Participant: 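Got a structure for you, written out below as structure tokens; questions coming shortly.
Source: prediction; values computed, not measured. What's counted below: heavy atoms across the whole structure, side chains too, no hydrogens, waters or symmetry copies.
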Amino acid sequence: MKKIVLSIVALTASTALMAAVNAGACTGCHGADWSKAALGKSKNVAEMTHADIAAALKGYKAGTYGGPMKGLMTGQVAKYSDAELDAFAQTIGK
């Protein structure tokens, strides 16, 4: 019973973190199925692993990652915690 309660608490916390990221702002450039190269310059997010996506999002936030879209992406992710970005990354990619 204790394991079930802990699993439910963990799932609820993860769901709340995922809900914190506004995916609509992302799909405008990356496409509803994440397969679009944003403005013809980004990687195809649908082909990235969850770990690669998390590293990219947190790297944009820290200013240590990115190419031509670095300035735009830094502003998009700055408001989210690393935990929120990790949880969101688990919902997209492969």
Participant: What is the distance from atom SG of C29 to atom CG of L72, rounded to the nearest 0.5 Å?
Facilitator: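 That separation rounds to 6.0 Å.
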Participant: Measure the spacing between NE2 of H50 and NZ of K94 and express it to the nearest 0.5 Å.
Facilitator: 10.0 Å
Participant: Does the E47 side chain pair with the main chain of N44, one donor and one acceptor, at a distance under 3.5 Å?
Facilitator: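 Side chain of E47 to backbone of N44, a donor-acceptor pair under 3.5 Å: no, none is there.
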Participant: For the residue pair A20 and Y80, what are the closest heavy atoms and their distance?
Facilitator: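 Scanning both residues completely, I find the closest heavy atoms to be O-CE2, 3.0 Å.
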Participant: List the atom of K70, the atom of Y60, and the distance in Å for their closest heavy-atom pair.
Facilitator: CA-CE2, 3.8 Å
Participant: Which atom pair, heavy atoms only, marks the closest approach of I53 to A89?
Facilitator: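 Scanning both residues, the minimum pair turns out to be CG2-CB, 3.7 Å.
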Participant: Hey, what do you get for NZ (K41) to CE (M69), rounding to the nearest 0.5 Å?
Facilitator: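 Separation between the atoms: 6.0 Å.
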Participant: Rounded to the nearest 0.5 Å, how far does CG of D82 lie from NZ of K61?
Facilitator: 4.0 Å
Participant: Kindly compute the distance separating OG1 (T27) from CH2 (W34), expressed to the nearest 0.5 Å.
Facilitator: 6.0 Å
Participant: Could you measure the distance from the CG atom of L57 to the CD atom of Q76? Nearest 0.5 Å is fine.
Facilitator: 11.0 Å
Participant: Which heavy-atom pair separates G31 from K36 by the least distance, and what is that distance?
Facilitator: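 Looking at all heavy atoms of both residues, the closest pair is N-CB, 4.0 Å.
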Participant: Should D86 and K58 count as an ion pair when the cut-off is N to O under 4.0 Å?
Facilitator: yes
